[in-house]
Amino acid sequence: MPSFDDTAFRAEVRRFLHEHLPADMAQRGRTDVHPTRADMLGITALLARKGWSVPHWPTAYGGPGWTPLQRQVFEEELMMAGAPPNNIQGVSLVGPVVYTYGTDAQKARFLPPIREGRTFWAQGFSEPNAGSDLASLRTRAVRDGDHYVVDGQKIWTSQAMLADWLFCLVRTDPAAKAQRGISFLLIPLDAPGITVRPIVSIDEGESLCEVFLEGVRVPADHLIGEEGRGWDYAKFLLGNERVATAEVPRNKRNLAALVTMATRARRGRAALIDDPVFRDRVTQAEIDLRALEAAAVATLEAGDDSALTPSALKLQGCELLQRILGLQVETLGAHGAVFHPHDTFQQADGTRSGPDWAPGVTAEFLFRRAATIYGGSNEVQRNIIAKLLFSGQRPAPPARDESQTMLEQSAQRFAAPQRAPATRRARIAGGAATARAGWAHLCKTGFTALGIDEALGGMGGSSADQAVLFEALGRNLSLDPVAGCAVAPAALLAAADWPPEQRAALLGEIIEGRQIVAFADLDFAQFGLAHLDFAPPERAHPEFADPERAVPERAAPGRAAPGRADPERADPERANGGPSCRPESDGTWVLEGHCHVIPGGAIADAFLVTARSAHSGDCGVFLVERGAPGVQCADGRAIDGQPLADLALRGVRVAAASVVLAPGPAAHAALGAARDRITALSCADAVAAMDEALWITVDYLGTRRQFGAALADFQALRHRIADMYAELAMARAAARLAVTALDGPAAERSRYASLAKVRVARAGAFVGAQAIQLHGGIGMTDECAIGHYYKRLFAFERIGGDTHAHARRFAALG
Ligand SMILES: Cc1cc2nc3c(=O)[nH]c(=O)nc-3n(C[C@H](O)[C@H](O)[C@H](O)COP(=O)(O)OP(=O)(O)OC[C@H]3O[C@@H](n4cnc5c(N)ncnc54)[C@H](O)[C@@H]3O)c2cc1C
């Protein structure tokens, strides 16, 4: 399941924290920007009693042996419970360096006190003149017998005034090339010659420090690994830090708190959360967080040690952190500007100024301006991503089994010839006849049978297999309407209330291409997907629900909420622009209305039309021949060349035998499943198109020269590429989430399909537009492939429900 849950494990962690985390510690953890030493060591000691204090460490050093998923759940539960940070510098940063590169004696000496919450560490890397350019650090360590003598200054050393030890980068060989002369030294902060001076930060709190080192004698056996290799150990440490700074658990806690705050905050007589503009911003933040979480878990599970995706996670995670905290401040109105960092700002008469959730909110917002600076600033992350991409590095390919690899190869062989602009132009110019010939060619490959049960005449295959096919179609800009003319009909016919032989006969014709049937669904954007599906039976993700908020009574499928008129029922044709249906006494049905922008419609012999009963408000699905009396078909094509049609139905009579799904709950369920499937697979298609657009642009910047240099040498353009990559990474994670959810419970499936549509479309709009921009004038031409990718992403965003409709649906299903 894609919910990143491990229910029993989560419950165990939650129970433990509920029973053992002191209430006052949890309260401070929720509101105090700068935790105390006692709390940070206290939480480690508390967790150590359960064997949970060092979740990332190998079992040989006391780690619990959890999976990446369990570690993620654990971090989340700590955050949600209000636990203070679990000695990050000790547990997450220096501990792994010691057990990976330290001697046995160092492991025995340093690891147990970290694990048991007995020593607190600080990180001494940055210096006044060595920030982003850390390798230019100047703090000197000179060997003197069995000691090093250290002189220099560190700055921004978090919590050094509370710490016992400093892990420190020092220069041991000034003659060596910058990175090579650096060593990694462990320095006790009570050593003579050390002065720690706190720095007041923007929130008027204290945790940052300057550390002055004057003639500090450090035993030589405090050196980690080899002298001069400190940079390698630091890179290892910073890699771990980057994944942690994706800040998924903190973002989850902040989002949950935001929902609570916005539910309690009033604007006039309404709750702020009910303001549609504010609510949309919260919804978009939740969508981004879900995609970020999926990308973070996938990176951890893949054990990918390249900095490429972790840097993208850091970029996106920290920007999201600041956005959510900004929304929290907005819930305070004018009180957001009041200084009450810890405790409530009291009036003279003892009454409170501002809402009771105000303490700490603005202070946290101010302090987290640093999130895009520490751990390697976001600009530096962009530099890292661009450097790797321009040196030819690519993200690890997705895990494929043998049959998926074969499928990928054959889909690529099939689709690649369609990709050249001249071929595409010829195919589009050939109109329906050429498109039908192309479809016949596709049917011969057997791809139309993929994902259809063998019992129904298909070739079987999972949702992930179907995604492999769609990726090849998207990457090569295929014009074949596989979603609309194969996947959707198969999904609907599989649920049809027909005799098995009738179902098998039509499916067989569709698979072999003897009949082309297009899915003529309601216009999602106009109609609003949230109204199309069943009412969600329960909230899928209760952690973002406010427990004190009454859940409004929901309408049953197609019916008005209690006490409200249902405009769609009153006049379905006018309300949604989609067809209506009404039963006749002889068992036939009559359809009236219009369907717009039907993928594959221009080459279809028949249509599976969604129509709503004027009587009950429920939807049904009807098989309508192109040439049937009363049917008028206007053929056209989408902006990216895919065949489309609009359909007008005027008193079209459908025989009982052609009623695929009579209006009612079964039809709703089947329609929901079909829509989610084509949405998720279209997302896989769009991600592959986006991926290709990015690499084409990377290659172009490497070859195109201006001002005597390759465009790839200009940082403004390199950063643009890095942002495109980060967006792509989030889109890819969202699409995978949606594909995985296709086989899960309906509410979760629909929610993730809509999430993916919003996230992939937003990324696609960005990547597509930037790809054109970075090509300059040539990107505007029909000759250049990039414009074709742009138009595919543009069409994807609009067809099958736009991002507004899907964002509303995501929120409604939450
Ligand atoms: C709250 C907080 C906690 C911290 N905790 C610690 C700690 O515990 N231990 C520790 O060692 N350090 C710590 N730091 C320091 C942190 O790692 C540095 O602040 C960071 O590396 C940036 O260095 P700088 O502040 O010198 O900024 P600079 O490097 O001077 O950068 C200034 C600006 O220029 C940009 N910039 C710099 N170089 C480039 C480039 N090549 N291309 C494009 N843009 C560039 C930066 O992104 C930034 O926007 C902390 C910092 C903060 C704010």
Side-chain angles (χ1 to χ4, degrees), residues 403 407 411 414 436 439-473 478 480-521 598-601 603-610 619-625 642-643 658-661 666-685 738-739 741-744 746 749-750 753 799-800:
S403 73
L407 173 64
F414 166 79
R436 285 179 71 88
W439 184 257
H441 179 47
L442 174 102
C443 293
K444 285 205 188 84
T445 61
F447 293 143
T448 41
L450 185 66
I452 301 177
D453 223 338
E454 287 171 47
L456 295 172
M459 64 189 276
S462 63
S463 304
D465 295 342
Q466 286 184 303
V468 170
L469 170 64
F470 274 74
E471 282 169 25
L473 298 176
S478 166
D480 295 313
V482 180
C485 294
V487 174
L492 293 170
L493 288 172
D497 190 19
W498 278 2
E501 52 296 347
Q502 185 187 358
R503 209 164 47 173
L506 182 55
L507 268 173
E509 290 188 9
I510 291 172
I511 289 170
E512 288 166 23
R514 282 180 284 125
Q515 183 161 197
I516 304 177
V517 178
F519 180 30
D521 201 8
I598 303 164
I603 62 169
D605 304 302
F607 299 89
L608 287 171
V609 175
T610 307
C619 282
V621 180
F622 303 86
L623 181 64
V624 174
E625 302 292 330
Q642 295 176 57
S658 294
V659 179
V660 178
L661 288 154
H668 268 286
L671 280 165
R675 286 176 189 134
D676 291 337
R677 186 162 292 277
I678 57 180
T679 301
L681 294 174
S682 304
C683 287
D685 176 306
V739 170
L742 284 176
D743 304 312
R749 182 199 69 212
S750 299
I799 295 173

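Throughout, residue positions are numbered sequentially from 1 according to the sequence presented. In what follows, every heavy atom counts, from backbone to side chain, and hydrogens, waters and symmetry copies are set aside.
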On a heavy-atom basis, which atom in [X] and which in [Y] lie closest, and how many Å separate them?
{"X": "A667", "Y": "G620", "result": "CB-CA, 4.1 Å"}
{"X": "A670", "Y": "A495", "result": "CB-CB, 3.7 Å"}
{"X": "A753", "Y": "A738", "result": "CA-CB, 4.0 Å"}
{"X": "G484", "Y": "P489", "result": "O-CD, 3.2 Å"}
{"X": "C485", "Y": "P599", "result": "SG-O, 4.1 Å"}

Is there a side-chain contact between [X] and [Y] in this structure, where contact means two heavy atoms from C-beta onward sitting under 4.5 Å apart?
{"X": "I510", "Y": "T448", "answer": "no"}
{"X": "L671", "Y": "L492", "answer": "yes"}
{"X": "V468", "Y": "L450", "answer": "no"}

Residues in side-chain contact (heavy atoms from CB on, under 4.5 Å) with [X], at least two apart?
{"X": "A606", "value": "Q515, V517, L623, E625"}
{"X": "A491", "value": "A674"}
{"X": "A494", "value": "L456"}
{"X": "A520", "value": "C595, I598, F607, V609, L647"}

Going from [atom1] on [X] to [atom2] on [Y], what distance comes out if it is rounded to the nearest 0.5 angstrom?
{"X": "L742", "Y": "L681", "atom1": "CG", "atom2": "CG", "result": "6.0 Å"}
{"X": "R503", "Y": "L506", "atom1": "CZ", "atom2": "CG", "result": "11.0 Å"}
{"X": "L507", "Y": "L493", "atom1": "CG", "atom2": "CG", "result": "5.0 Å"}
{"X": "L407", "Y": "D465", "atom1": "CG", "atom2": "CG", "result": "6.0 Å"}
{"X": "I799", "Y": "I678", "atom1": "CD1", "atom2": "CD1", "result": "10.5 Å"}

Pairs flagged by salt bridge (Lys or Arg N to Asp or Glu O under 4.0 Å) wherever residues 447-461 is involved - sequence neighbours left out: none
So which pairs with a foot in residues 509-519 pass salt bridge (Lys or Arg N to Asp or Glu O under 4.0 Å), sequence neighbours left out? E512-R514
Strictly distance-based, threshold 3.5 Å: is any side-chain N or O of W498 a donor or acceptor partner for the main-chain N or O of S658? no
Residues in side-chain hydrogen bond (donor to acceptor under 3.5 Å, both in side chains) with [X], at least two apart?
{"X": "T445", "result": "none"}
{"X": "S463", "result": "R677, D743"}
{"X": "S478", "result": "Q418"}
{"X": "Q502", "result": "none"}

Output every pair passing ring-ring contact (aromatic ring centres under 6.0 Å, His included) with a member in residues 447-472, not counting sequence neighbours, ordered by first then second residue. F414-F447
If the condition is salt bridge (charged side-chain N to carboxylate O under 4.0 Å, His left out), which residues does D605 pass it with, not counting sequence neighbours? R436
